[in-house]
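A quick write-up on the structure given underneath.
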There are 2 protein chains.
Amino acid sequence: MVTKELSDLSDEADLRRADSLAREIFSDVANKWALLIIEALGERTLRFSELRDEVEGISHKMLTQNLRMMERNGLAERKVHPTVPPRVDYTLTEPGRALRATVDLLCGWTHEYFGHIESARRRFGT
Amino acid sequence: MVTKELSDLSDEADLRRADSLAREIFSDVANKWALLIIEALGERTLRFSELRDEVEGISHKMLTQNLRMMERNGLAERKVHPTVPPRVDYTLTEPGRALRATVDLLCGWTHEYFGHIESARRRFGT
DNA sequence: CCGTATCCACCCAGATACTG
DNA sequence: CAGTATCTGGGTGGATACGG
């Protein structure tokens with residue numbers, strides 16, 4: 001790394017930066033569309049339009065926006081085929097696949113506790 | 001269950017309802033504040049004000065809002081002590097603790113891939 | 001201390017239209 | 001087909017105030 005002379009002060013600064021970066025990553029990832037896209041991609045590679053069909057209810061805009069975010073964070077790889085009509089494929093990278101494992105767990109949880117939640121809501125009064 | 005005579009049609013209807021319910025639960029849970037609150041609660045039981053301090057940056061409003069949601073879905077239990085000043089304790093229920101296990105994994109992921117993400121961003125150009 | 005209600009500024013997401 | 005830009009309404013969350 002660069003410029004690491006005054007260890008005490010810069011260590012604290014590093015911690016703060018790391019913290020804020022961690023929170024930023026968390027915010028990026030902990031949102032419904034991102035997680036649904038990751039789940040949709042799974043092991044496959046899909047084109048933009050296939051993803052659009054796969055992730056029910058997502059708009060063109062939200063899809064591109066989240067795909068950019070995922071590319072930026074190195075979660076997905078974007079491969080452009082210079083054909084006509086154009087074709088763009090998206091695939092999860094290794095970090096993306098690791099993240100998907102946790103998303104799978106979340107989906108599993110939803111399935112497992114579906115009944116609990118339904119009845120909890122009834123007790124609560126919808 | 002009630003009113004289940006015409007099996008074919010109501011089965012389809014059930015699937016649709018189950019699906020929309022699943023998506024609703026997913027949306028409830030897949031949001032940054034909910035996940036951070038769950039993580040903050042952990043095994044402990046905390047009062048409202050302690051949670052407020054623990055979950056950095058959350059507003060009074062967002063905290064109550066998410067806690068209500070979690071109570072409604074049976075993820076957390078709310079215990080009011082009729083003292084003065086009032087005191088309200090929150091604890092994760094069993095479903096909530098199960099969910100926390102997946103959140104822990106997500107946090108672990110963030111920590112593990114921190115470096116990957118940082119460098120991916122540099123490659124991308126911030 | 002905890003909860004709710006009101007107000008309002010801001011952001012976000014959808015719609016639309018246009019490029020390559 | 002995929003991506004970008006612009007516009008706009010409605011939702012969202014912060015601030016504030018007040019009640020239990």
Side-chain angles (χ1 to χ4, degrees), chain A residues 20 23-38 40-41 44-73 75-92 124-126, chain B residues 20 23-38 40-41 44-73 75-92 124-126:
Chain A
S20 91
R23 306 193 99 243
E24 197 186 330
I25 294 170
F26 199 84
S27 304
D28 275 358
V29 154
N31 92 58
K32 126 182 158 162
W33 289 130
L35 296 183
L36 288 172
I37 292 171
I38 287 167
L41 270 175
R44 315 177 281 175
T45 119
L46 294 178
R47 356 182 3 174
F48 184 86
S49 48
E50 290 170 332
L51 267 174
R52 189 167 164 56
D53 297 341
E54 205 73 20
V55 181
E56 175 163 327
I58 197 170
S59 69
H60 188 108
K61 188 180 180 180
M62 282 300 95
L63 185 54
T64 33
Q65 210 165 91
N66 279 277
L67 285 171
R68 286 292 158 280
M69 179 275 285
M70 288 168 62
E71 197 191 353
R72 173 172 120 93
N73 289 326
L75 305 183
E77 196 190 359
R78 177 168 177 269
K79 186 159 221 166
V80 181
H81 302 268
T83 61
V84 41
R87 173 198 182 94
V88 183
D89 288 338
Y90 291 94
T91 319
L92 289 183
F124 196 80
T126 94
Chain B
S20 91
R23 305 192 101 243
E24 197 188 331
I25 295 169
F26 199 84
S27 305
D28 275 0
V29 154
N31 92 59
K32 125 182 157 160
W33 290 129
L35 296 184
L36 288 173
I37 292 171
I38 288 167
L41 269 175
R44 313 175 282 175
T45 119
L46 293 178
R47 0 185 359 178
F48 183 87
S49 48
E50 289 170 333
L51 268 173
R52 190 167 164 57
D53 297 341
E54 205 72 20
V55 180
E56 174 160 327
I58 198 170
S59 69
H60 188 105
K61 188 180 180 179
M62 283 300 94
L63 184 54
T64 34
Q65 210 164 93
N66 279 278
L67 285 171
R68 287 292 157 279
M69 179 275 284
M70 290 169 62
E71 197 191 353
R72 173 172 120 93
N73 289 326
L75 305 183
E77 196 191 358
R78 178 169 177 268
K79 187 162 222 165
V80 182
H81 302 268
T83 59
V84 40
R87 173 200 182 93
V88 182
D89 287 339
Y90 291 92
T91 319
L92 289 183
F124 195 82
T126 91

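Sequence lines set the chain letters: A, B, ... in the order given, protein chains first and strands last, and positions in each chain run from 1.
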Where is the tightest heavy-atom contact between A:A34 and A:M69, given as atom of each residue plus distance?
CB-CE, 3.8 Å
Minimum-distance pair of heavy atoms, taken over all atoms of B:R52 and B:S59
NH1-C, 3.5 Å
Measure CD/A:Q65 against P/D:dA5 and give the value in whole Å, please.
12 Å
Would you mind reading off the distance between A:R52 atom CZ and D:dG3 atom C1', rounded to a whole angstrom?
12 Å
Mind checking A:R68 for me? I need base, sugar-phosphate or nothing, with any heavy atom below 4.0 Å counting as a touch.
sugar-phosphate
At a heavy-atom distance below 4.0 Å, what parts of residues 53-62 of chain A sit against DNA chain D?
A:H60
Please determine if a side-chain N or O atom of A:R87 lies less than 4.0 Å away from the OP1 or OP2 oxygen of D:dA2.
no
Between CZ on residue B:R44 and CD on residue B:E50, distance to nearest 0.5 Å:
8.0 Å
Both B:F48 and A:W33 contact DNA chain C. Which one's nearest nucleotide lies toward the 5' end?
B:F48
Rounded interatomic separation in angstrom, taking CG from A:L63 and C1' from D:dT4:
14 Å
Using the heavy-atom set of chain A and a strict 4.0 Å cut-off, write down the first and last nucleotide of DNA chain C that makes it in, 5' to 3'.
C:dA13 to C:dG20
For B:E24, check side-chain hydrogen bond (donor to acceptor under 3.5 Å, both in side chains) against everything at least two apart and list the hits.
A:R121, B:R72
Do B:E77 and B:T45 pass the side chain to side chain contact (heavy atoms under 4.5 Å, CB included) test, and can you show the C-alpha distance, the side-chain angles, and the key distance before you say yes or no?
CA-CA 9 Å; B:E77 196 191 358; B:T45 119; over 6 Å; no
Looking at residues at least two apart in the chain, or sitting in another chain, which of them share a ring pair (Phe, Tyr, Trp, His ring centres under 6.0 Å) with B:H81?
none
Locate the shortest heavy-atom distance separating A:I58 from A:M62; write the atom from each residue and the value.
CG1-CB, 3.7 Å
Could you go step by step and tell me if B:E54 and B:L41 meet the side chain to side chain contact (heavy atoms under 4.5 Å, CB included) rule?
CA-CA 9 Å; B:E54 205 72 20; B:L41 269 175; over 6 Å; no
Using modelled atom types and a 3.5 Å cut-off, is there a donor and acceptor pairing between side-chain atoms of A:N31 and backbone atoms of A:W33?
yes
Among A:L75, A:L46, A:L63, side-chain contact (heavy atoms from CB on, under 4.5 Å) partner for A:I37:
A:L63
End axis versus end axis in the helix from C:dC1-D:dG20 to C:dG20-D:dC1, the angle rounded to 10°, five pairs used at each terminus:
40°
A:R78: which residues meet the side-chain hydrogen bond (donor to acceptor under 3.5 Å, both in side chains) condition with it, sequence neighbours left out?
A:Y90
